[in-house]
Structures are given as C-alpha cells and as structure tokens.
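Dropping a structure here in structure tokens format, bear with me for questions.
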Amino acid sequence: MERLEFENYEKFACKIAETFNSLEDEFGDVSIIVKYEEAKEIIRELLCLGYDIASINIHDEFWENYYDEYIVSVSNVNDSPSIWCEKFKRETGYINDNPSVAYVMDNCSSAIFKHIDSEEIYEVCVGENDLDEDSDNDEKTETEPSYMVNGKPVDKKTFNKCVSQFAPDLVDDKGNQSGNSDYSISVKCNLDADEALKIIADMECRMTHMNDMFR
C-alpha cells in the first residue's frame, strides 16, 4: 500500500478533487477514512473547493462519546460533486465500503482495512513530518544545552572555569556553588558571543565594586 504525504489539508483536498475528477465511472466515488478532527478539516477544505453537501452526520467526540473513524465520501449528486459523512463504526462493528479510491489516515485502526473493498487504497499523512522535525528540535534544545565563551562552544566545565576567574569563591570546578559564599551566580545556556562577554564584563564590574566597598 502506497503512503502519501501532504503538507496541509488544503493540498490533500486538492488531491481528492483531482482523483474524483479523473474517475471514468460516473457513479464512482472517493472515500476518506478519518478521525473526527481530520474529518472536519477535510470537509471544510472540500466546501472551499465548491463541493455541495449531500449528508453530513458528524458530532463532537466529547458529547457524542464516539472516538472511532468517520467515512467522508465524495460522489455525484444531480451531476454535482457532493460530500457525505457518517460514522464508519456502528454498534455491530465497522460497515463495509467499496469506493473507487480510498484514502485512510495513518492514525486509523488497522482493523478497518478488511472492511474496504477497493483496488486503490492509500495511507495518508498530513503535516506530520514537520511536526516531528519541530519536536526533535525542541527536544535537542531542552536536553542538549550549550555554552559559549567569546563566541566559541565549550563544555560546562570550561565555561565555569572561565566564570570562576572573576569569582573564584562562587563556582567550583564541578559547577556547584561554594558553601562558604553568600552569593550565587545564574548562568544562561545557549549564549551568543555578545551575551557571554556582557555577562562576564558585568560580573567583573560587580566584583570590583564589592572589593572597593570593603576596603
């Protein structure tokens, strides 16, 4: 089974329309098996393309207490492309469908495939790759802090060693606050060169000022 990936639901809806327009059978139809949130997005985009509504039976998951798949279908009604939507699962189980072409979202149950009778079935992913990439970047930002000195990346120990040149009693070589000190230092991660120099210069100025006060 071929997997298709789309950047957004607008492009997926355009693919659905393209597929439907290419059907040679005037009684042919295209089915999209989706969950509630995806069904809303697809119906909205198809309406924007000018499709009519034949019958739409979809309800909020919370109030309906229905969390299974819906079937969104496109077929001709009075020679006009029209949208149908209904629950794909009933009290007795999944209904059977025999569309000309079927698209199945990748978050649907694998149990539905034996209820789809079609020569063309595609698995669909919409926007997931971008989300995964962003999540990976966020995870790296959270779990892999970096330290910079004079614009060059260094490890935490080297960074603390540089800082301790201006406040030797405040930070030990393990990056811990000294128990003999009444002061603490907060070190920012992911600093650029200007920020690092500004912080170090500010620390030096503060220490010089403190030394002058207690002379």
Side-chain angles (χ1 to χ4, degrees), residues 1-23 25 27-78 80-143:
M1 180 172 56
E2 185 178 354
R3 177 182 172 90
L4 304 177
E5 299 181 354
F6 299 92
E7 182 180 348
N8 51 50
Y9 287 99
E10 179 182 359
K11 293 185 177 181
F12 181 32
C14 290
K15 177 61 176 180
I16 295 170
E18 177 186 335
T19 301
F20 181 72
N21 292 336
S22 67
L23 297 179
D25 183 358
F27 299 106
D29 64 333
V30 176
S31 291
I32 308 98
I33 313 301
V34 292
K35 291 294 187 72
Y36 172 74
E37 292 296 337
E38 291 85 355
K40 291 193 303 179
E41 296 291 338
I42 292 169
I43 292 171
R44 180 184 297 113
E45 294 298 337
L46 290 175
L47 290 174
C48 289
L49 292 177
Y51 281 38
D52 292 332
I53 295 176
S55 176
I56 294 180
N57 182 14
I58 185 171
H59 304 278
D60 183 88
E61 292 176 310
F62 177 78
W63 297 109
E64 184 73 8
N65 196 28
Y66 178 82
Y67 300 95
D68 294 296
E69 292 80 4
Y70 284 89
I71 177 171
V72 178
S73 300
V74 176
S75 63
N76 276 316
V77 177
N78 297 326
S80 177
S82 301
I83 308 167
W84 307 74
C85 179
E86 60 182 326
K87 295 177 182 177
F88 195 54
K89 191 174 186 180
R90 310 296 171 80
E91 293 182 359
T92 57
Y94 288 109
I95 62 176
N96 295 316
D97 186 43
N98 57 341
S100 303
V101 180
Y103 294 103
V104 180
M105 296 298 294
D106 60 355
N107 62 344
C108 292
S109 170
S110 59
I112 67 174
F113 288 102
K114 62 183 180 181
H115 297 277
I116 303 174
D117 182 13
S118 176
E119 295 183 359
E120 289 190 58
I121 303 177
Y122 301 95
E123 182 184 29
V124 174
C125 169
V126 177
E128 186 175 282
N129 287 338
D130 292 337
L131 291 175
D132 287 345
E133 183 176 350
D134 292 339
S135 298
D136 291 342
N137 290 336
D138 291 342
E139 183 177 352
K140 289 180 181 180
T141 300
E142 294 176 0
T143 61

Inset, instruction - Check whether any side-chain heavy atom of Ile83 sits under 4.5 Å from a side-chain heavy atom of Asp52, and report yes or no. - result: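 Contact flag for Ile83/Asp52 side chains = no.
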Legend entry - Rounded distance [0.5 Å steps], CD1 in Ile53 versus OG in Ser80: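 Answer for the CD1-OG pair, Ile53 versus Ser80, is 11.5 Å.
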Inset, instruction - Measure the spacing between CG of Asn21 and CD1 of Ile16 and express it to the nearest 0.5 Å. - result: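 Going from CG on Asn21 over to CD1 on Ile16, the span is 12.0 Å.
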Inset, instruction - Can you establish whether the number of heavy atoms outside Phe27 located under 6.0 Å from its atom CZ is more than 12? - result: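 No, CZ of Phe27 has 12 or fewer neighbouring heavy atoms, counting only those of other groups under 6.0 Å.
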Legend entry - Non-hydrogen side-chain atoms of Glu38 and Ile32 separated by less than 4.5 Å: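 The answer is no, as the side chains (C-beta and beyond) never meet within the 4.5 Å cut-off.
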Legend entry - All pairs passing ring-ring contact (aromatic ring centres under 6.0 Å, His included) where residues 94-120 contributes a residue, at least two apart: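 Residue pairs passing ring-ring contact (aromatic ring centres under 6.0 Å, His included), neighbours aside: Phe12-Tyr103, Phe88-Tyr94, Tyr94-His115, Tyr103-Tyr122.
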Legend entry - Sequence-distant partners of Glu86, salt bridge (Lys or Arg N to Asp or Glu O under 4.0 Å), two or more places apart: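 Result, salt bridge (Lys or Arg N to Asp or Glu O under 4.0 Å) vs Glu86: Arg90.
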Legend entry - Smallest separation among heavy atoms of Asn8 and Val126, with atom names: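 Heavy atoms of Asn8 and Val126 come nearest at C-CG1, 3.5 Å.
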Legend entry - Interatomic spacing from OH in Tyr70 to CG in Asn57 - rounded to 0.5 Å: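 Answer for the OH-CG pair, Tyr70 versus Asn57, is 7.0 Å.
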Inset, instruction - Taking the side chain as every heavy atom from C-beta outward, state whether Glu69 and Ser109 have any atom pair closer than 4.5 Å. - result: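 Answer yes - side chains close enough.
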Legend entry - Non-hydrogen side-chain atoms of Val124 and Val104 separated by less than 4.5 Å: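 Val124 does not reach Val104 side chain to side chain.
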Inset, instruction - Could you tell me which non-hydrogen atom of Ala54 sits nearest to which non-hydrogen atom of Trp84, and how far apart they are? - result: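 What the structure gives for the nearest pair is CB-CE2, 3.3 Å.
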Legend entry - Heavy-atom closest pair, residues Cys85 and Val72: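 Distance-wise, the nearest heavy atoms are SG-CG2, 4.0 Å.
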Inset, instruction - With sequence neighbours excluded, tell me which residues meet salt bridge (Lys or Arg N to Asp or Glu O under 4.0 Å) with Lys11. - result: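 Checked Lys11 against salt bridge (Lys or Arg N to Asp or Glu O under 4.0 Å); matches are Glu7.
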Legend entry - From CD1 (Ile112) to CD1 (Ile33), nearest 0.5 Å: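 Separation between the atoms: 5.5 Å.
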Inset, instruction - Under the side-chain hydrogen bond (donor to acceptor under 3.5 Å, both in side chains) rule, collect the residues that match up with Asn98, sequence neighbours excluded. - result: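 By the side-chain hydrogen bond (donor to acceptor under 3.5 Å, both in side chains) rule, Asn98 matches no residue at all.
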Inset, instruction - Please name the pair of heavy atoms, one in Asp29 and one in Leu23, separated by the smallest distance, quoted to 0.1 Å. - result: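 Shortest heavy-atom contact: N-CD1, 3.7 Å.
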Legend entry - From Cys125 atom SG to Met105 atom CE, the distance as rounded to the nearest 0.5 Å: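 Separation between the atoms: 7.0 Å.
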Legend entry - Nearest-0.5 Å distance that lies between atom OH in Tyr51 and atom OG in Ser75: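 The OH atom of Tyr51 sits 10.5 Å away from the OG atom of Ser75.
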Inset, instruction - Kindly confirm or rule out a cation-pi arrangement of Lys87 over Tyr66, judged by NZ or CZ under 6.0 Å from the six-membered ring centre and within 45° of its axis? - result: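 Pair Lys87/Tyr66 counts as cation-pi.
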Inset, instruction - Return yes when atom CG of Asn78 has more than 12 non-hydrogen atoms of other residues, nucleotides or ligands closer than 6.0 Å, and no otherwise. - result: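 No, not enclosed.
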Legend entry - Intermediate values then yes/no, side-chain contact (heavy atoms from CB on, under 4.5 Å), Ile43 and Ile56: CA-CA 9 Å; Ile43 292 171; Ile56 294 180; 3.8 Å; yes
Inset, instruction - Name all residues meeting the salt bridge (Lys or Arg N to Asp or Glu O under 4.0 Å) criterion together with Glu123; count only those two or more places apart in sequence or in a different chain, and write none if there are none. - result: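 By the salt bridge (Lys or Arg N to Asp or Glu O under 4.0 Å) rule, Glu123 matches Arg3.
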Inset, instruction - Taking all heavy atoms of Met1 and all of Ile121, pick out the closest pair and write down the distance. - result: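 Shortest heavy-atom separation between Met1 and Ile121 comes out as CG-O, 3.2 Å.
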Legend entry - Sequence neighbours excluded - salt bridge (charged side-chain N to carboxylate O under 4.0 Å, His left out) pairs with any residue from residues 40-50: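 Listed by first then second residue: Glu37-Lys40, Glu41-Arg44.
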Legend entry - Heavy-atom closest contact (Ser31 atom, Ser73 atom, distance):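 It is OG-OG, 3.5 Å.
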Inset, instruction - With the side chain counted from C-beta on, respond yes when Asn76 and Pro81 share a heavy-atom pair under 4.5 Å apart, and no when they do not. - result: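 Side chain of Asn76 against side chain of Pro81, heavy atoms only: contact under 4.5 Å found.
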Legend entry - pair Lys35-Tyr67: side-chain heavy atoms closer than 4.5 Å: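 No, side chains not in contact.
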